[in-house]
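The next block holds one structure in the form of structure tokens; read it before the comments.
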Amino acid sequence: MYLRKDEQVLYSLRDLYRQYGYQQYQVTKFEEYDLYVRNKNFLVSENMLTFTDTNGKLMALKPDITLSIVKNARPTRETTEKVYYSENVYRAASDCNGFQEITQTGLECLGRVDDYTVCEVLMLACRSLAAVTDRYLLQVSHLGFADSLLRDTAEQDRSEILRLICAKNTPALKQYCAEAGLDGALTEKLLLLADLFGPLHTVLPALEALAEDDQTRSAFRELTEIDRTMAAWHLADKVYLDFSIINDLSYYNGIVFQGYVDGLPSHILSGGRYDRLMEKMGKPGGGIGFAVYVSMLERFWSREESFDGDVLLLYDDSSTPAQIAGAVEQLTAQGLLVKAAAAGDDRFRCRETRLLRNGGMQE
């Protein structure tokens, strides 16, 4: 059986998630538009494809899977519901020139989310990236630090400071803090947060200086536990700390992360902990998960040599249909993907071309 590379990745990820006890979750292709309007800040884009259902309700083709899973889940605080999915979502293109159908696969853990669950999700994020290439990196952040440091700042200042940290623009961040009248000690902590980057185990000592209250001490403890557990899975060198990863604090809390593969400028995996979304939607317990944007990998695979098949078998009038069939069977029996075509038809990217004349095959 021959599969495209995206199909190979989807099958391998499905097997990976099932190996760790995740069950497949089937979702419909659309939801009531109101679900997305109420949670528009959770979405990558506010633009949606909508239509009116036969019952008069305004519906939308799914721009997101997590919201649907949370909406329909029945989690408890005592148990962990683990699901995975492979679906298409519909979002506006980044240049706002029409909509895109994006294939994504991912997983969600709902209900009881303890330290091990967080570590397992990060491990599966790493192994999801490894299914594409061994040249990958998982960057993690913890919103507990930013949330604690900016707790008493005005909403306008908070948004701008988070934007500058996300951009790692420390000169502009320092200037803005001064103009906003922020305490000098707080400014230094925010600058340290923006500057920190590197393998998790190497930057933890510097981060410990910011663990001054219950929230930041809890965040530091969680990051330390993650570092130890990822080392047990031999993945510590793949996990980097980067506080430029900041998601909406009204939905997310705790760990957030993004995954990158060598050769692509933007992340192909995104995830985080969203207990506040669970609370907003009236669900008990917490939630954490991630999505892999399989459609984005087309650019990665296009960098590699690509073939339609193994052999192009060209024949002329000197060979009978039976002789051509025999040559094709001989090649396919070796597990090769073969296209038989009349001489002159070379519209087939292949590893080799063979000629069939008078029933004899020539390389």
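Excluded from the calculations below are hydrogen atoms, water molecules and symmetry mates; all remaining heavy atoms, backbone and side chain alike, are included. All values derive from a computational prediction rather than experimental measurement.
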Donor-acceptor pair, distance only, cut-off 3.5 Å: does the side chain of K238 make one with the backbone of D134? yes
Can you check whether L241 reaches L223 side chain to side chain, under 4.5 Å on heavy atoms? yes
Are Y293 and Q104 linked by a side-chain donor-acceptor pair shorter than 3.5 Å? no
Steps toward side chain to side chain donor-acceptor pair (under 3.5 Å) verdict (Q330, Q334): CA-CA 7 Å; Q330 179 183 340; Q334 302 172 35; over 6 Å; no
Mind checking the CZ-CG spacing from F257 to L269? Nearest 0.5 Å is all I need. 6.5 Å
Across all chains, not counting sequence neighbours, the salt bridge (Lys or Arg N to Asp or Glu O under 4.0 Å) partners of E188 are none
Between L124 and S128, which heavy-atom pair has the shortest distance, and what is it? O-OG, 2.6 Å
Which of parallel (below 30°), tilted (30 to 60°) and perpendicular (above 60°) describes Y252 and Y274? perpendicular
Quick one: which residue pairs count as a side chain to side chain donor-acceptor pair (under 3.5 Å) with a foot in residues 164-173, not counting sequence neighbours? K168-D242
Kindly give the heavy-atom pair with the smallest separation between D64 and V89, and that separation in Å. N-CG1, 4.1 Å
Just grab all the ring-ring contact (aromatic ring centres under 6.0 Å, His included) pairs involving residues 169-207, residues at least two apart or on different chains. F197-Y240
To the closest 0.5 Å, what do you measure between CD (Q24) and CZ (R14)? 7.5 Å
So T229 and I226, do their side chains get closer than 4.5 Å, heavy atoms only? no
Can we say D147 and R276 salt-bridge, meaning some charged N sits less than 4.0 Å from an Asp/Glu carboxylate O? yes
Please confirm whether the backbone N or O of G326 pairs with a side-chain atom of E329, one donor and one acceptor, at under 3.5 Å? no
Using side-chain contact (heavy atoms from CB on, under 4.5 Å) as the criterion, list what pairs up with D183, not counting sequence neighbours. A185, L186
For the residue pair D114 / T117, report whether a side-chain donor-acceptor contact shorter than 3.5 Å exists. yes
Is a side-chain donor or acceptor of S159 paired with a backbone partner of E155 at a separation under 3.5 angstrom? yes
Residue pair R127 / Y20, side-chain donor-acceptor N/O under 3.5 Å: yes
E120 vs K82, salt bridge (Lys or Arg N to Asp or Glu O under 4.0 Å): CA-CA, chis, key distance, verdict: CA-CA 11 Å; E120 181 183 84; K82 297 182 177 182; 2.9 Å; yes
Enter the distance from I165:CD1 to E160:CD here, rounded to the nearest 0.5 Å. 10.5 Å
So R217 and E212, salt bridge (Lys or Arg N to Asp or Glu O under 4.0 Å) or not? Walk me through it. CA-CA 6 Å; R217 280 192 291 268; E212 297 179 332; over 6 Å; no
Looking at E81 and R112, is any side-chain nitrogen of the basic one under 4.0 Å from a carboxylate oxygen of the acidic one? no
side-chain contact (heavy atoms from CB on, under 4.5 Å) between I255 and L143: does it pass, once the steps are laid out? CA-CA 6 Å; I255 291 292; L143 298 181; over 6 Å; no
Is any side-chain heavy atom of L122 closer than 4.5 Å to one of V140? yes
Sequence neighbours excluded, the answer for side-chain hydrogen bond (donor to acceptor under 3.5 Å, both in side chains) partners of Y36 is none
Assess the pair Y25 and Y85: is the distance between their ring centroids shorter than 6.0 Å? no
Using salt bridge (Lys or Arg N to Asp or Glu O under 4.0 Å) as the criterion, list what pairs up with D316, not counting sequence neighbours. R357
Taking Q8's backbone N and O only, do any of them form a donor-acceptor pair with S12's side chain (distance below 3.5 Å, no angle check)? yes
Measuring from atom CZ of R18 to atom CG of L107, what distance do you get when rounded to the nearest 0.5 angstrom? 14.5 Å
Got a donor-acceptor contact below 3.5 angstrom from the D213 side chain to the Q215 backbone? yes
Is the shortest side-chain heavy-atom distance between M361 and L331 below 4.5 Å? yes
The reported gap from CG in L200 to OG1 in T224 (rounded to nearest 0.5 angstrom) is 7.5 Å
State, to 0.1 Å, how close T76 and P284 come at their nearest heavy-atom pair, and which atoms those are. CA-CG, 4.2 Å
Given the ring of F30, does K62 sit roughly above its face, with NZ or CZ under 6.0 Å from the centre of the six-membered ring and within 45° of the axis? no
Nearest heavy atoms of G286 and M278, plus distance in Å: O-CE, 3.4 Å
Evaluate the criterion side-chain contact (heavy atoms from CB on, under 4.5 Å) for residue pair L138 and L129; output intermediate values, then yes/no. CA-CA 8 Å; L138 186 72; L129 295 168; 4.3 Å; yes
Might you work through the side-chain contact (heavy atoms from CB on, under 4.5 Å) test for L277 and V70, ending with a clear yes or no? CA-CA 9 Å; L277 171 65; V70 173; 4.3 Å; yes
Should Y260 and V203 be regarded as members of a common hydrophobic cluster, given that ILVMFWY residues are connected when their side-chain heavy atoms come within less than 4.5 Å of each other, either directly or indirectly? no
Side-chain touch Q139/L137, heavy atoms, less than 4.5 angstrom: yes
For the atom pair OG (S270) and CZ (F290), what is the distance rounded to the nearest 0.5 Å? 11.0 Å
Taking the side chain as everything from C-beta on, heavy atoms only, tell me whether E101 gets closer than 4.5 Å to S295. no
If you take all heavy atoms of M296 and S266, which pair is closest and at what distance? CE-OG, 3.2 Å
Heavy-atom closest contact (D310 atom, G335 atom, distance): OD2-O, 4.2 Å
State whether the side chain of R158 and the backbone N or O of T153 hold a donor-acceptor pair below 3.5 Å, judged by distance alone. no
Do the ring centers of F145 and F220 come within less than 6.0 Å of each other? no
Could you see if L110 belongs to whatever hydrophobic cluster contains L35? Use Ile, Leu, Val, Met, Phe, Trp, Tyr and a side-chain cutoff under 4.5 Å. yes
Is there side-chain contact between L190 and L182, with heavy atoms separated by less than 4.5 Å? yes
Test item: S148 side-chain N/O and G144 main-chain N/O as donor-acceptor pair under 3.5 Å: no
pair K174-C177: side-chain heavy atoms closer than 4.5 Å: no
